[in-house]
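Quick notes on the structure that follows.
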Amino acid sequence: MLGFTTRFSGSCLVASVVVALAAAAQPATPKITDLKKLAVVTADTYDELISTKCPVIFHLSKEDTFEGANELAKELEGFVRVASLNTETQADLIKSKNIEAGDSEWLVKEFGKEALKGYLDLAAARKAAEASNPTGLVSPVPDQQAIQAFLTKAYQNVKIPTILFHDKDEIPSLLTRLALWMGDDVEFGSFSKPPEDLVKGLGVPGGIPVLLAFIPQEDKDGSGRIQFQPAAYDKSKFGAFKFKNLFKFSMILRAEMTQMGFYKRREEAAGGQQQPVQPKGDTKTQPLFEYTADTVDACAKDKLGLCIIGIFDGSPMNDGKEAQLEVLREVQNAPSNKGRILHFMWVDLTCHPSFGAHFGVSGDTLPTVLAVSPKKQAWAQHFGAFEANKVAGFIGGVLSGRNRIDKLPEGGVPVISAEDNCTAVHASLMPTEEEEDINLDDILKEMQEEASEKEEARANDMEALEAAAVDAEMDQKRKRAAAEAARMSKVSNKNIKKKKKKKTKKKNKKNKDEL
């Protein structure tokens, strides 16, 4: 069991490190050294820009610069790189790298990625670039008692613990920018408004701000205790508290600690496998896999590091499953996780509901991520947006001690039962063929038939009404005709009678005269 102590004194610097930091030659630096100036893209600088940690905004035009370029680069120093890509002079490069911008004037390489996304205006490009940066990279150190826990955590993560003592209310952006670039190898802490006696005890003239790197050394008595001796940032040698100067300090510190063999503990923790500390993409990790009955040892008690367990709806009904898995892959490959012992896996909650129940995870909280330390039998759950930068920040918070961890439920990490039949479970969730037919073709056909029947019935009703109307009209006509015929017959009979009467009178008159 390792023990930890911290020494504060007037002569607080470790000799071997002090000499290096005071007189070391300039470290090997990238070709692009000034992060607050516009980078002009060439065949020599393009690959370095693409593989750099932080996001990059590329401006495409027929010029090597654009209005306000250096001002923008200075404003975003350490957070986002600003570069110009001349579409005429670099036409061969654009073709060889298959750079496709379409109608976009701006391209963005997001944090931890190499693919480029196009944007029509600078505001949208800047927003996307800044939003891709992970959060929670700097650990707040609230009081003097918390210093020891911070140092211990950093040592366990094989990082150099470095604390900035300052008088600001919030974490200075300067420290956040340093963490973005050096966070793989240096653990940064922020101690706001430290008490006066602590500042005096630091043994650094001039008062705060003070940046201290705590150099771990094992006691020579063989006890295994680790002592931390602070190495201070010296303004007289490195200059004022500016990003470029602190960046240089951190790089020299990392180089010296590498030479002292500090980072070899990562290889030992990984089972002795040779794993280069710094080069991007060289650390071998097992790809994301599904935790099943066939991977029972994936998060066993003797496992080093953290198990990062994504819990998803793994059924075919979940259209977002692949996108959710891709988020975990992106986090796994993030530069901030290089050199960390992390085992990425995922569990299908629809098939293994008891696994989620063990941690209090149900379907309405999906997707989610658990960070489990098998050795410590502790765990934490990510709450918030399921986005790569948020999940990466959560993992960093667990490793640094910022995020609260709880003791694992009794039994540790559940083993997936071989009796869980995921194929049957998924099939039971899928609608049957009969249900699919009813829901689609049959329902439409039935609706059409019903509509036809209603139309036919309506047509029949209209026809019947029309026929009845015609019959009624014909009946009325017949009645009127009969009435008219009766009237005419009556008039005719009356006229006949009148004529007969006149003939009789005339005949009688004629007969009378002849006698």
Side-chain angles (χ1 to χ4, degrees), residues 110 112-115 117 132 285-300 303 306-334 337 342-372 379-392 394-395 409 411-448:
E110 297 180 352
K113 297 182 181 179
E114 294 188 359
K117 292 183 180 180
S132 71
T285 56
Q286 183 179 2
L288 174 68
F289 63 92
E290 183 177 2
Y291 184 45
T292 66
D294 296 328
T295 56
V296 291
D297 296 327
C299 203
K303 204 79 171 178
L306 288 181
C307 294
I308 307 301
I309 308 173
I311 303 183
F312 307 125
D313 172 5
S315 73
M317 302 292 286
N318 179 17
D319 295 334
K321 172 187 167 185
E322 285 305 318
Q324 293 161 3
L325 290 173
E326 189 57 35
V327 168
L328 275 192
R329 294 189 188 100
E330 186 178 330
V331 174
Q332 184 179 26
N333 295 322
N337 286 328
L342 303 174
H343 315 282
F344 282 78
M345 63 198 78
W346 67 279
V347 174
D348 179 0
L349 187 67
T350 57
C351 183
H352 313 295
S354 59
F355 184 94
H358 189 74
F359 294 99
V361 176
S362 58
D364 57 355
T365 59
L366 299 185
T368 190
V369 175
L370 308 180
V372 177
W379 74 290
Q381 181 179 353
H382 170 61
F383 296 97
F386 192 77
E387 300 170 358
N389 60 340
K390 303 297 184 184
V391 175
F394 159 71
I395 294 172
V413 178
V415 175
I416 300 296
S417 173
E419 296 180 359
D420 290 350
N421 188 336
C422 293
T423 303
V425 172
H426 292 165
S428 68
L429 297 174
M430 295 292 291
T432 63
E433 288 187 13
E434 181 180 356
E435 290 173 333
E436 288 178 355
D437 292 340
I438 291 174
N439 287 338
L440 298 174
D441 297 337
D442 283 357
I443 288 179
L444 182 60
K445 183 178 179 181
E446 184 177 343
M447 290 174 63
Q448 291 174 339

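These numbers were taken from a predicted model, which means no experiment stands behind them.
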Where does the angle between the aromatic ring planes of F312 and W346 fall among parallel (under 30°), tilted (30 to 60°) and perpendicular (over 60°)? tilted
Is it true that a side-chain atom of H358 and a backbone atom of V361 form a donor plus acceptor pair closer than 3.5 Å? no
For the atom pair CD1 (I416) and CD (E290), what is the distance rounded to the nearest 0.5 Å? 8.5 Å
Is the closest side-chain heavy-atom distance between F359 and P414 below 4.5 Å? yes
Can you name the closest pair of heavy atoms from L366 and D313 and give their distance? CD1-N, 3.7 Å
Tell me, do H352 and C422 make a side-chain contact under 4.5 Å, heavy atoms counted? yes
What closest approach, in Å, do A388 and E330 show between heavy atoms, and which atom pair accounts for it? CB-OE2, 3.3 Å
Verdict with reasoning, I311 to F355, per side-chain contact (heavy atoms from CB on, under 4.5 Å): CA-CA 9 Å; I311 303 183; F355 184 94; 4.1 Å; yes
Treating T368 as the side-chain partner and H382 as the backbone partner, does any N or O pair qualify as donor plus acceptor under 3.5 Å? yes
Tell me if a side-chain donor or acceptor on Q332 pairs with a main-chain N or O of N337 at a distance below 3.5 Å. no
Could you give me the CA-CA distance, side-chain angles and deciding distance for V413 and Y291, then say whether side-chain contact (heavy atoms from CB on, under 4.5 Å) is met? CA-CA 11 Å; V413 178; Y291 184 45; 4.1 Å; yes
Heavy-atom closest pair, residues T365 and S362: OG1-O, 2.8 Å
Would you say F394 and V369 make side-chain contact, with heavy atoms under 4.5 Å? yes
Residues A298 and C307: closest non-hydrogen pair is O-SG, 3.8 Å
More than 12 heavy atoms from other groups under 6.0 Å of NZ on K390: no
Do Q324 and F386 come within less than 4.5 Å of each other through their side chains, counting heavy atoms only? yes
Atom CD1 in I308, atom CZ in F344: separation rounded to 0.5 Å? 5.0 Å
Flag the pair T350 / M317 as yes when at least one side-chain heavy-atom distance between them is below 4.5 Å, and no otherwise. no
Evaluate the criterion side-chain contact (heavy atoms from CB on, under 4.5 Å) for residue pair C299 and H343; output intermediate values, then yes/no. CA-CA 8 Å; C299 203; H343 315 282; over 6 Å; no
Closest non-hydrogen atoms of C351 and V425, given as atom of the first, atom of the second and distance, are CA-CG1, 4.3 Å
